[in-house]
Visitor: 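Handing you a structure now.
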Amino acid sequence: MPELPEVETVVRSVAAHVTGAQITHAEVSSRRVTRGDHEKTARGLTGAIIEAVRRHGKQIFFELDSGLLYVHLGMTGKLLWNTEPGKYTRAELTLDRGVLLYDDVRQFGRFEYFREAPAFISTSGPDALSVSFEDFFSRLRERRGPIKPLLLNQRFIGGVGNIYADEALFSARIHPRAKAGRLSKQRAQELYGSILRTLKLAIEHRGSSISDYVDASGERGGYQLLHCVYGRAGEACCRCGAVIRRIVLGQRGTHYCPRCQRT
DNA sequence: TCAAATGTTTGATC
DNA sequence: GGATCAAACATTTG
């Protein structure tokens, strides 16, 4: 479900409620989102104090006074503050000042306690909002494949998902099949700037709500109204009027303007 | 009934 | 060894 702007919005709304709170009780029912050991997560969280909530790419870290809670929303995960648990509630944390739920229909997400930061965290690439152009460009040049799937690769940069990859490529006028390593420095600069601008603007609009994304307070985002290509196949390009096309690239639906975007 | 959905991991293949 | 690609995961919705 969520990409960097949605995760950032969730983190901000959750952090405002839970920073400094103590977890008095933890119910964790899903073995899937805890990768097998839901009891470990429930035990580790009980009694812990939440010192901070951070985001790296699409990953969320609740820093505790002992250990950490790692949350990845996957496709359908939600963190909800002070709402009633439902059919898809996978974890319920009772805090000294309210209740935090983890809901996840498809259970592609994760909600897991670790005493020490696990190794897989360091395999994630630099956050899309923090990576420097030099780093971005030098690693871009090593890649021979198409640019779109590379932007979705979280080891390349963290945080860009299917919506914002398509929107950023449109903004930079780059075709999703363009070879990553063949982009000129100038076009790479254009892309880098487009990624940052697109993500920051989406954060200002509190993310994109395509189907059911909501932040911790149940609020929908507004950025979907500003999408130029994502979900607009068959409609007119807002820049040139050509018909927006949808193809499948790297197993993901990919939307682009065949006239504006060059390889 | 089929296709598609804001994502990642795994295993095969180049 | 690395990059790339398809399949798998589970469920809903059109």
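In what follows, chains are A, B, ... by sequence order, proteins preceding strands, each numbered from 1.
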Visitor: Provide, to the nearest angstrom, the distance between the CD atom belonging to A/Gln154 and the C1' atom belonging to B/dG7.
Guide: 8 Å
Visitor: Give a yes or no on whether the backbone of A/Gly109 and the side-chain of A/Arg90 come within a donor-acceptor separation of less than 3.5 Å.
Guide: no
Visitor: Rounded to the Å, how far apart are A/Ile157 CD1 and B/dT8 P?
Guide: 12 Å
Visitor: Does B/dT8 have its OP1 or OP2 closer than 4.0 Å to a side-chain nitrogen or oxygen of A/His72?
Guide: yes
Visitor: Here's a test of your reading of the structure: between A/Arg252 and A/Arg155, which maps to the more 5' nucleotide of DNA chain B?
Guide: A/Arg252
Visitor: Treat a base pair as Watson-Crick or G-U wobble with both distances under 3.5 Å, then lay out DNA chain B in dot-bracket form, 5' to 3', with | for cross-strand pairs.
Guide: .||||.||||||||
Visitor: It should be established whether A/Arg246 places a side-chain nitrogen or oxygen under 4.0 Å from OP1 or OP2 of nucleotide B/dA3.
Guide: no
Visitor: I'd like to know whether CZ of A/Arg97 has more than 12 heavy-atom contacts from other residues, nucleotides or ligands below 6.0 angstrom.
Guide: yes
Visitor: Rounded off to whole Å, could you give me the CZ-to-C1' distance for the A/Arg32 and B/dT9 pair?
Guide: 12 Å
Visitor: In whole angstrom, give the distance that lies between atom CG of A/Asp104 and atom C1' of B/dG7.
Guide: 11 Å
Visitor: Less than 4.0 Å between a side-chain N and a carboxylate O, is that true for A/Arg54 and A/Glu63?
Guide: yes
Visitor: Can you check whether A/Tyr256 and A/His175 have ring centres sitting under 6.0 Å from each other?
Guide: yes
Visitor: Parallel under 30°, tilted from 30 to 60°, perpendicular over 60°: which one fits the rings of A/Phe133 and A/Tyr192?
Guide: perpendicular
Visitor: Determine whether A/Thr46 and A/Ile23 satisfy the following criterion, side-chain contact (heavy atoms from CB on, under 4.5 Å), listing intermediate values before the conclusion.
Guide: CA-CA 6 Å; A/Thr46 303; A/Ile23 302 168; 5.6 Å; no
Visitor: Mind calculating the distance between CG (A/Asn153) and C1' (B/dG7) to the nearest angstrom?
Guide: 12 Å
Visitor: Is there any protein nitrogen or oxygen under 3.5 Å from a nitrogen or oxygen in nucleotides 11-14 of chain B, and what are the pairs?
Guide:
none

Visitor: Look at A/Lys200 together with A/Glu204 and state whether they make a salt bridge at an N to O cut-off of under 4.0 Å.
Guide: no
Visitor: Look at the side chain of A/Glu3 and decide which nucleotide, out of B/dT8, B/dA5, B/dG7, has an atom nearest to it.
Guide: B/dG7
Visitor: Just checking A/Arg31: does its CZ atom have more than 12 heavy atoms from other residues, nucleotides or ligands closer to it than 6.0 angstrom?
Guide: no
Visitor: Could you give the start and end, 5' to 3', of the contact zone on DNA chain C for chain A, using atoms under 4.0 Å from its heavy atoms?
Guide: C/dT4 to C/dT12
Visitor: Is A/Arg35 atom CZ crowded by more than 12 heavy atoms from other residues, nucleotides or ligands, each under 6.0 Å away?
Guide: yes
Visitor: Using whole Å, report how far CZ of A/Phe156 lies from C1' of B/dT8.
Guide: 18 Å
Visitor: For A/Ala91 versus A/Phe111, what's the shortest heavy-atom pair and its separation?
Guide: CB-CE2, 3.5 Å
Visitor: Would you say A/Tyr164 and A/Asp166 are linked by a side-chain donor-acceptor pair, where the criterion is simply a distance under 3.5 Å?
Guide: no
Visitor: Starting at atom CZ of A/Phe108, determine the distance to atom C1' of B/dT9, rounded to an integer number of angstrom.
Guide: 11 Å
Visitor: Send over the distance from A/Gln251 CD to B/dA5 P, rounded to a whole Å.
Guide: 12 Å
